[in-house]
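All values below come from the heavy atoms of this structure, side chains included, with hydrogens, waters and symmetry mates left out.
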Amino acid sequence: MSAIDLAAISAAQTRLLAEIGKPIELLDRGTGKRVVVSPADAAHPEAYLPIFLISAETLWLELTGTGFALDVSRTPDSALGYAVRKVRAGSFTVVMLCLIDVTMRLAEMDDALVLNHLIDFWGEAHGRIADVAPTLQGAT
């Protein structure tokens, strides 16, 4: 199985973020200040695209029981300390539909797209998956 074109995902996510037209911000939880992030930086594989993709993957995992087989590696010089290298499963369409869903949920929450909320999406979905997993395992 070949990997999905990461540059295409990044470009499409950049366009989506720009079209939404809300500022993209990162909240410094220590100071309460928000830092503005450009759409290109928010969708860059070595910036914030990893957290968008992890949140989107969690949504897909919750819906189908399968993920995107993300290849995420530690990169100390990147914005989050991690970079996404490959999306090895799913299709461009499925990945983008999940990214659109997560991004639109984020846009509905506030006057800006606050990237920190993506972590909350992941945590909430992860909790629901953990609640369902024992039931699914018992059914097999």
Side-chain angles (χ1 to χ4, degrees):
M1 179 183 303
S2 63
I4 300 169
D5 185 354
L6 192 56
I9 292 170
S10 178
Q13 183 67 5
T14 299
R15 283 190 302 277
L16 173 63
L17 292 168
E19 287 177 16
I20 289 172
K22 287 187 173 187
I24 304 162
E25 299 176 344
L26 187 63
L27 175 65
D28 180 333
R29 295 192 195 250
T31 66
K33 292 184 181 181
R34 291 182 179 185
V35 176
V36 176
V37 177
S38 73
D41 285 343
H44 194 280
E46 291 188 4
Y48 302 100
L49 186 59
I51 191 65
F52 273 105
L53 281 170
I54 289 168
S55 297
E57 179 183 49
T58 302
L59 172 66
W60 189 243
L61 182 62
E62 188 175 9
L63 292 170
T64 68
T66 61
F68 299 147
L70 297 175
D71 179 358
V72 179
S73 61
R74 262 192 183 286
T75 52
D77 294 334
S78 66
L80 295 174
Y82 292 89
V84 62
R85 300 293 181 211
K86 290 182 186 174
V87 180
R88 297 180 300 227
S91 69
F92 177 80
T93 302
V94 167
V95 170
M96 285 311 305
L97 286 172
C98 291
L99 279 171
I100 290 167
D101 186 279
V102 165
T103 304
M104 296 311 292
R105 287 185 197 190
L106 188 62
E108 293 171 354
M109 294 184 71
D110 209 332
D111 59 339
L113 283 84
V114 181
L115 298 176
N116 305 66
H117 294 316
L118 291 169
I119 297 166
D120 300 332
F121 290 168
W122 177 84
E124 291 165 7
H126 192 268
R128 289 190 299 270
I129 292 167
D131 290 344
V132 171
T135 304
L136 293 175
Q137 289 172 355
T140 56

Say you draw a straight line from [atom1] of [X] to [atom2] of [Y]; how long is it, rounded to the nearest 0.5 Å?
X: Leu106; Y: Leu99; atom1: CG; atom2: CG; value: 11.5 Å
X: Leu70; Y: Leu53; atom1: CG; atom2: CG; value: 5.5 Å
X: Leu113; Y: Glu108; atom1: CG; atom2: CD; value: 10.5 Å

Trace of the side chain to side chain contact (heavy atoms under 4.5 Å, CB included) decision for Leu26 with Val114: CA-CA 6 Å; Leu26 187 63; Val114 181; over 6 Å; no
Under 4.5 Å between side-chain heavy atoms, hopping through other hydrophobics if needed: is there a path connecting [X] to [Y]?
X: Val87; Y: Leu97; answer: no
X: Val95; Y: Ile20; answer: yes
X: Tyr82; Y: Val37; answer: yes
X: Val35; Y: Ile51; answer: no

Nearest heavy-atom neighbours spanning [X] and [Y]:
X: Ala69; Y: Ala89; answer: CB-CB, 3.8 Å
X: Ala56; Y: Phe68; answer: C-CE1, 3.7 Å
X: Ser55; Y: Leu118; answer: OG-O, 3.1 Å
X: Thr58; Y: Ile54; answer: OG1-O, 2.8 Å

Connected hydrophobic set around Val36, excluding itself, where side chains approach under 4.5 Å: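 When side chains under 4.5 Å apart are linked, Val36 ends up in no cluster with other residues.
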From CA spacing to verdict: side chain to side chain contact (heavy atoms under 4.5 Å, CB included), Asp110, His117: CA-CA 10 Å; Asp110 209 332; His117 294 316; 4.2 Å; yes
side-chain contact (heavy atoms from CB on, under 4.5 Å) partners of Asp71, counting only residues at least two apart: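 Partners of Asp71 under the side-chain contact (heavy atoms from CB on, under 4.5 Å) test: Arg85, Lys86, Arg88.
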Under 3.5 Å, side-chain donor or acceptor atoms of residues 3-16 against the rest of the protein: list the pairs with distances, not counting sequence neighbours.
{"unit_1": "Asp5", "atom_1": "OD1", "unit_2": "Ala7", "atom_2": "N", "d": "3.0"}
{"unit_1": "Asp5", "atom_1": "OD1", "unit_2": "Ala8", "atom_2": "N", "d": "3.4"}
{"unit_1": "Ser10", "atom_1": "OG", "unit_2": "Ala43", "atom_2": "O", "d": "2.6"}
{"unit_1": "Gln13", "atom_1": "NE2", "unit_2": "Thr103", "atom_2": "OG1", "d": "3.0"}
{"unit_1": "Thr14", "atom_1": "OG1", "unit_2": "Ser10", "atom_2": "O", "d": "2.8"}

Exercise: do Thr93 and Ser91 side chains pair donor with acceptor under 3.5 Å: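 Short answer, no.
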Derivation of the side chain to side chain contact (heavy atoms under 4.5 Å, CB included) call for Leu17 and Tyr48: CA-CA 12 Å; Leu17 292 168; Tyr48 302 100; over 6 Å; no
Side chain to side chain contact (heavy atoms under 4.5 Å, CB included) between Leu59 and Arg105, worked out: CA-CA 12 Å; Leu59 172 66; Arg105 287 185 197 190; 3.6 Å; yes
